[in-house]
Amino acid sequence: MKLDNVELIRIRMPLKGAFRTSFGSESVRDILLVHVVTPDAEGWGECVAMDNPGYSSEYVDGAQDVIKRFLLPPVFARDDVTSASLASLWTLVRGHRMAKAAVETALLDAELRARGESFAEHLGAVRDRVDCGVSVGIPGSIPELLDQVAGYLAQGYVRIKLKIEPGWDVEAVKAVREANPDILLQVDANQAYELSDARHLAKLDPFDLLLIEQPLGEERVRDHAELVKIVKTPICLDESIVSAHAAAKAIAIGACSIVNIKPGRVGGYLEARRVHDVCEASGIPVWCGGMLESGIGRAANVALAALPNFRLPGDTSASERYFAQDVTPPFVLEEGTLRVPTGPGIGVSPVPEILDELTTTREAVRG
Ligand code: SMG
Ligand code: MG
């Protein structure tokens, strides 16, 4: 496939309410969309980097810069580029996985659209709907938290994830568990604890949580293996799992018993599938994470979440969880599930008028 031109489109999507985590608060998503045009088809990819490097070292301005200066030039230089060959063109660009994922997704989308194949078919999906969980940010008070959780349960979400941090953990979990004895419940610390907090984290054990997600730092994989010996609740890694190799290593040393897969974090959907396969081979269940994606990123995530070893509900919530208006036709929750798109490629496209309304900048890149 030959790339004719690429547009780097930034859209501004206000969140319905602020989303607070242990590393900061988001109230607007500044999203980079990669739009590739080839002789055979167009393709779309969404970059999940936030506007600040709080979740990981990547941030959206940096992603746009590295895409333009280092990722696209070797792609434009070839007549026969495929999504599967991109990794070999980028061996001298270290890291920048979210940027790489966005370009790879757009190219894969174009390839699949050209041959009429859906992401779900291509990745090996085995179901046509996926179970949806919802991630609940850190609110101002326990009553507010209970209200929010009740609201999401009423909408049909089948699993609740609470964001935690030191000072907002055991009490919050206890309150939610007491009000909802039977729900699927888990927590996400986004690296906010130290190994020395192990005994404190073990106080979450009585609440029958599905998992504790990324309690310690991204590079503290070995510390997670120590934590596992003290905390009975299953430990799940998110930020630490940047590749299939990282997943294999973490599993080998017993650092986690569940893995969160985010395609942006691991460099794309092809590597995400390899992470899935490595985990499956080791008997480790996975689930699909979220980065407050628009419908573009969500569509592809939902396809991924339909693979066989995605055995826990994902952070694949409906468009209206975060946005009054999505850039694609909205993803709507149906009995706690989202439908896996069946159309070619990611199966959805931006609605042109909405895309125009949301666009803040548009940069054309040519070979
Ligand atoms: O898309 O529903 C979503 C977000 C889910 O909590 C979520 N994501 O660490 O898993 C995580 C966070 C990362 C983004 S927080 C700004
Ligand atoms: Mg997480």
Side-chain angles (χ1 to χ4, degrees), residues 13-31 46-60 97-98 101 130-139 148-149 152 155 157-165 168 185-193 209-218 220 224 234-242 250 256 258-266 272 275 286-302 304-305 312-323 326 330-331 333 338:
M13 297 182 70
L15 299 183
K16 280 180 154 178
F19 183 66
R20 190 160 98 67
T21 63
S22 62
F23 62 84
S25 180
E26 311 284 330
S27 50
V28 177
R29 282 291 280 125
D30 174 359
I31 296 177
E46 174 169 342
C47 181
V48 299
M50 302 274 149
D51 60 9
N52 64 78
Y55 167 81
S56 74
S57 61
E58 290 188 80
Y59 64 102
V60 65
R97 293 180 172 88
M98 293 176 180
V130 299
D131 283 341
C132 297
V134 64
S135 177
V136 184
I138 301 173
Q148 288 183 15
V149 168
Y152 291 128
Q155 288 170 36
Y157 285 104
V158 301
R159 179 275 277 153
I160 298 289
K161 157 167 142 181
L162 306 181
K163 290 291 192 179
I164 59 166
E165 65 181 4
W168 181 264
L185 184 62
Q186 64 191 52
V187 295
D188 185 1
N190 288 108
Q191 322 184 47
Y193 295 87
L209 299 179
L210 288 171
L211 57 92
I212 302 174
E213 182 179 346
Q214 196 74 41
L216 314 180
E218 174 180 342
R220 302 278 171 92
H224 281 96
I235 299 296
C236 169
L237 291 176
D238 171 355
E239 287 90 325
S240 296
I241 305 300
V242 295
C256 62
I258 300 174
V259 166
N260 164 319
I261 300 184
K262 290 178 182 164
R265 197 194 60 224
V266 304
V275 177
V286 303
W287 57 281
C288 185
M291 293 291 288
L292 306 104
E293 287 91 347
S294 78
I296 295 292
R298 200 159 298 274
N301 279 353
V302 169
L304 179 72
L312 295 167
D315 282 342
T316 46
S317 47
S319 300
E320 67 153 21
R321 153 74 181 92
Y322 292 110
F323 308 114
D326 207 336
F331 279 81
L333 201 65
L338 289 188

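Heavy atoms only: backbone and side chains are in, while hydrogens, waters and symmetry mates are out. Each ligand, and each atom within it, is numbered from 1 in the order the structure gives. Computed from a predicted structure; not experimentally measured.
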Could you check if a side-chain atom of [X] sits within less than 4.5 angstrom of a side-chain atom of [Y], using non-hydrogen atoms only?
X	Y	answer
V48	R265	no
W287	N260	yes
C132	L333	yes
Y322	L15	yes

Just verifying a value: how many Å separate [X] [atom1] and [Y] [atom2], rounded to the nearest 0.5 Å?
X	Y	atom1	atom2	answer
R159	L210	CZ	CG	7.5 Å
E213	I235	CD	CD1	11.0 Å
L237	R220	CG	CZ	13.5 Å
I212	I258	CD1	CD1	10.5 Å

Going by the atom numbers of ligand 1, which of them fall below 4.0 Å from some non-hydrogen atom of [X]?
X	result
F19	6 (O), 15 (S)
N190	9 (O), 11 (C)
F23	15 (S), 16 (C)
K161	6 (O), 7 (C), 10 (O), 11 (C)
D238	9 (O), 10 (O), 11 (C)
D188	9 (O), 10 (O), 11 (C)

Region of [X] that comes within reach of ligand 1 [heavy atoms, distance under 4.0 Å]:
X	value
R321	neither
K163	side chain
V134	neither

Worksheet item: Pick one: which of E239, K262, E26 meets side chain to side chain donor-acceptor pair (under 3.5 Å) with Y55?
Response: K262
Can you name the N, O or S atom of [X] that is closest to the Mg ion (ligand 2)?
X	value
D238	OD2
E213	OE2
D188	OD2

Who's the nearest protein heavy-atom neighbour of [atom], and how far?
atom	result
atom 8 (N) of ligand 1	G290 O, 3.0 Å
atom 1 (O) of ligand 1	L292 N, 2.8 Å
atom 6 (O) of ligand 1	S135 OG, 2.8 Å
atom 11 (C) of ligand 1	K262 NZ, 3.0 Å
atom 4 (C) of ligand 1	Y322 OH, 3.3 Å

Worksheet item: Hey, is OH on Y59 packed in by over 12 heavy atoms from elsewhere, all under 6.0 Å?
Response: no
Worksheet item: Side chains of Q214 and S240: donor-acceptor distance under 3.5 Å anywhere?
Response: yes
Item to complete: Please verify whether a non-hydrogen atom of E213 lies at under 4.0 Å from ligand 1.
Response: yes
Worksheet entry | Q214 near ligand 1 by a heavy-atom separation under 4.0 Å | no
Worksheet item: Within 45° of the ring axis of W168 and under 6.0 Å from its six-membered ring centre, is that where the NZ or CZ of R20 lies?
Response: no
